[in-house]
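Treat the numbers as computed from the prediction; the structure is a model and nothing was measured. All values below were derived from every heavy atom in this structure, side-chain atoms included, with hydrogens, water molecules and symmetry-related copies excluded. Proteins get letters first, then strands, A, B, ... in listed order; numbering begins at 1 in each.
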Amino acid sequence: MSHIEVEMQQLKAEIVEMWNLVSAQMKTAMVALAKMDKGLAKEILNNEKKVNSLELKIDRDCENIFALHNPVANDLRLVLALLRINSNLERIGDIAASVAKFINKSDGFEYKGLVEETHALEMFEEACDLVDDVKASFETENTQLAESIFKRDRTLNELNKNARAIVIAHIKKDPENVESFLSFLAIIRKLERSGDQSKSIAEELIFFIEAKVLKHAPKAEGNKLN
Amino acid sequence: MYKLESKNVDFFYGTSQALKNINIAIHPNTVTALIGPSGCGKSTYLRLFNRMNDLIGNTKINGQVLIDGDDIYAKGVNVDSLRKKTGMVFQKPNPFPKTIFENVAYGLRVNGITDKKFIEERVETSIKQVVLWDEVKDKLKKSAFELSGGQQQRLCIARALAIQPSVILMDEPTSALDPISTAKIEELIYELKSKYTIVIVTHNMQQAGRVSDSTAFFYLGELIEYSATKELFTNPKIERTQNYITGRFG
């Protein structure tokens, strides 16, 4: 194996480690939200430091590959894609941390009914599945799986839209608890954004594997993939 | 119209075929990089454009090589006139054992120019074009061998420019130079592009990426891929090209 191949293998292994860490953070956050468990929330916030330091390490390793190996063609596309995927994953990690902070700050307000009514856990599960599926797409270089993410992100968008209407109705009914409702709505929005991050990762994978740029593609072009 | 063109070109050294059916068309005022492993035919291809291969015995060419639409291998072509159109720069700087001034004036003198003022002006312009004037203007009467390798190579380019060619052929022009001299030559190539059509053979992939508009990848005498440099270095269409430029060849 050539020197650059060794460096690329290490970089891929690091990004998979980042993926596993972020995926675990999201799954823990889902359980923590279901139980409003402050112990699990603390665990997530501790692990967040690991996510941040791994992001910095991957950034630095990408910089080194650019500077020392001058990658071209598929090597170049891989390093560019991994650099951006790294940032997407870190943001998904931030979303898990936001859920943990929400749980920590919850002040005895009963969210259970709202969680059920808005299908928040269903959204969470789908967000976690998207993270795992883009990872599988990366590991197997399966662009069909990556393309399927675009359609599934729309499910999250729909759930977000419905949840918003439900929360607004609650605010109207119970304006005294408006702050608690808005905090909850912020979490729902973040889950929706986690889907956007997975979608961006899928775009990067298609760029790396097929050299197609889908970012900012007109809707008609995006639809071809759906 | 294309500045340089080869149509179905085969080239043979004796019975050994060095180029196989090469079709390339090069626009004026562009830089084209020829890349490929040693022995792939890229230097042979470069030398087709000034008929330098004619100097090697027992060679044969099929097909057409055109400059400005004219077949330069057609009967009756004056090779001396052709070579005035095509300046060449080699791997190692090869100044003549003459003064700095006489090196640049040489091409003019052998072409029968005797007007002293004209020669002086042309020498100065050519040396200025290669951004060497400030470094040598006070020692034009000194031997060219007193210059550094990088300065000698720029002097050789000035020598090629003095006869006012429209094409510059460069055969690994920076392979013997340090990074600073290399950067100066690359900068120069970029500057010269506005007036000349440049073809450069290089083993340095990054250099091909930095200086050229189009890149042609040769392998075993065949043209494997020829496309815009940006395209070839980000998304080569042929796997063999990808393996070569990423260093995973063989």
### Inter-residue atom distance A/F207.CZ - B/T234.OG1, 0.5 Å rounding
7.5 Å

### Message
Tell me whether A/K101 at atom NZ has more than 12 heavy atoms from other residues, nucleotides or ligands lying less than 6.0 Å away.
### Response
no

#### Entry: Worked verdict on B/M205 versus A/V72 for side chain to side chain contact (heavy atoms under 4.5 Å, CB included)
CA-CA 9 Å; B/M205 295 300 100; A/V72 291; 5.8 Å; no

#### Entry: Neighbour count >12 (heavy atoms, 6.0 Å) for atom CG, B/L55
yes

### Query
Where is the tightest heavy-atom contact between B/T246 and A/I4, given as atom of each residue plus distance?
O-CG2, 4.5 Å

### Task
Give a yes or no on this: more than 12 heavy atoms of other residues, nucleotides or ligands lie within 6.0 Å of atom NZ of B/K3.
yes

### Message
For B/K195, is the NZ atom crowded, meaning more than 12 foreign heavy atoms sit under 6.0 Å from it?
### Response
no

## Note on the structure
Heavy atoms of B/R248 and A/D75 approach each other most closely as NH1-OD2, 2.8 Å

